Amino acid sequence: MQLFEMIQSMGHEQVVLCSDLTTKLRGVICIHNTSLGPSLGGTRMWKYSSDEEAITDALRLSRGMTYKAAVSGVNLGGGKAVIIGDPRIDKSEAMFRAYGRMVESLRGRYITAEDVGTTVRDMEWIRMETKYVAGVGGTGGSGDPSPITALGVFSGMKASAKFAWGSDSLKGKRVVIQGAGNVASNLAEHLAHEGAHIFVSDIYEDKAAAVAERTGATVIASNEVFTTDCDILSPNALGAILNDDTIPQLTCAIVCGGANNQLKDEHKHAHMIRERNIIYAPDYVVNSGGLMNVASEVEGYDRAKVMRQAEGIYDITMNILATAKNRNILTIDASNAIAEERIEKVRHVHGTYIGSPTIRGV
Ligand code: NAD
C-alpha cells in the first residue's frame with residue numbers, strides 16, 4: 001500500500017493509528033479536511049480482513065464526510081474512524097476508553113459518533129475519556145437522527161419534483177420506497193400526509209406491513225422495487241443498488257432517497273441514470289439531515305434549528321440540480337463542485353489574521 005501517495009491524492013490532513021495491546025485496540029482515525037471546522041464522523045467497528053482494507057475504508061469514509069458537511073452548510077470538517085474487530089465479540093469498556101483517550105489526544109480536531117458496529121453504550125464509554133463525542137444519549141444529546149434525515153430526504157424530494165415537473169407537490173405521485181426501517185418509515189409518513197401513492201418494500205415483510213398500516217402504503221416484493229411503475233424511486237435500505245442490472249429497469253423520473261452510496265460506481269452509474277433522463281438527487285446531500293442533527297450537539301442541541309436546517313435541503317438540492325443543468329454536468333459532480341467551492345471560500349476568509357499579537361518590548 002502506497003500510504004502517503006493515497007493520503008495525498010485523496011487530500012487527507014492526518015491519519016492516526018491507535019494501538020493498545022492490553023485492550024486489543026487497533027484503530028485508525030482519518031482527518032480529511034478541517035477548513036470548515038473540527039472533523040466529525042462516526043467510528044465504525046468491523047471485522048476487516050486486512051489492515052489495508054480498514055485504512056482504505058476510513059480514508060474513503062472521512063473524505064465523504066468533508067463533502068457532506070460542506071454541501072449541507074455545516075461548519076464541520078470530514079473525519080471518520082474504524083476499529084478493527086468483530087463488534088459482537090471483541091468489544092469492551094477498556095477498549096473504548098483506550099480509544100477515547102486517543103480521540104482526546106487530538107484536542108477536538110476529530111469528534112466521533114456512532115456508525116456501523118458501534119452503539120450509544122460504546123459512545124458513553126468513549127465519553128468517560130473525552131468530550132469530543134456526539135450521539136451520546138441523555139440530556140443535551142441529539143438522539144435518533146432518522147426523523148431529521150427523513151425530513152431532509154422529503155425536502156430534497158420536493159425540490160426534485162419542482163425541478164422535474166414545475167410543482168413541488170407530491171400529491172398523487174407514485175413513490176416506491178425501498179426499505180421500511182427508521183428513515184423510510186418517517187419518510188412514508190411525510191409522503192402520506194402529502195397525499196402521495198406509496199409503495200413500500202422490505203426484506204422483512206412485517207416491517208413493510210407496519211409502514212403500510214400506518215400510512216396506507218401498498219406493500220410490494222423486494223424484486224418489484226425497480227420494475228413497479230412509479231414517478232419517484234426512494235432507496236432507503238442499502239448501498240450500490242443503482243447498478244448495471246437495476247438502472248435499465250427503472251421506470252421513475254426521479255431517484256431520491258436516504259441510503260448511503262446508492263451508486264455502485266459513482267461516475268459510471270450516474271452517467272447511465274442521466275442517459276435515461278432520470279434526475280438523481282445525490283444521496284449524501286438529501287440524507288445530510290442526520291449529520292446536521294449530530295452537528296447541532298456540538299454547539300448545544302437545538303431541535304427547531306435542526307429541523308429548519310433539514311428543510312433547507314430543499315434549496316440545496318434545487319441549487320445542485322440547476323447547476324448540473326446549467327453546466328451540463330452530472331448532479332453528483334455539481335454537488336462535489338459546490339462543496340469544494342465552499343471549502344475554498346471559507347479557507348480564503350480564514351486567511352485574514354484577526355488575532356491580538358503580543359509585541360515584546362513595546
Ligand atoms: P434501518 O436499518 O432502520 O433500515 C434499513 C431497512 O432496509 C431495514 O428494515 C432492512 O430490513 C431493509 N432492507 C435491507 N435490504 C433490503 C432490500 N434489499 N430491500 C428492501 N429492504 C431492505 O436503517 P436506517 O437508519 O433507516 O438507514 C437507511 C439507510 O439510510 C442506510 O443506508 C443508512 O446508511 C442511511 N442513512 C441513515 C441515516 C439515519 O439518520 N438513520 C442518516 C444518513 C443515511
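Order of appearance sets the numbers: ligands from 1, and atoms from 1 within every ligand. Quick caveat, the model's predicted, so the values are computed rather than measured.
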Are [X] and [Y] close enough that a side-chain donor and a side-chain acceptor fall under 3.5 Å?
{"X": "Asp57", "Y": "Tyr48", "value": "yes"}
{"X": "Arg303", "Y": "Tyr301", "value": "yes"}
{"X": "Ser234", "Y": "Asn236", "value": "yes"}

Flag the pair Gln178 / Val200 as yes when at least one side-chain heavy-atom distance between them is below 4.5 Å, and no otherwise.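 Contact flag for Gln178/Val200 side chains = no.
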Does a salt bridge link Asp244 with Lys268, judged by any charged N lying under 4.0 Å from a carboxylate O?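 Salt bridge present between Asp244 and Lys268.
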As a test of understanding, state which of Lys80, His32, His12, Glu13 forms a side-chain hydrogen bond (donor to acceptor under 3.5 Å, both in side chains) with Ser62.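 Single pass found, and it is His12.
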Taking only heavy atoms of the protein into account, state which residues are under 4.0 angstrom from an atom of ligand 1, in chain and number order.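 Within the 4.0 Å shell of ligand 1, which is judged on heavy atoms, sit Pro145, Ser146, Thr149, Gln178, Gly179, Gly181, Asn182, Val183, Ser201, Asp202, Ile203, Tyr204, Lys207, Ser222, Asn236, Ala237, Leu238, Gly258, Ala259, Asn260, Asn287.
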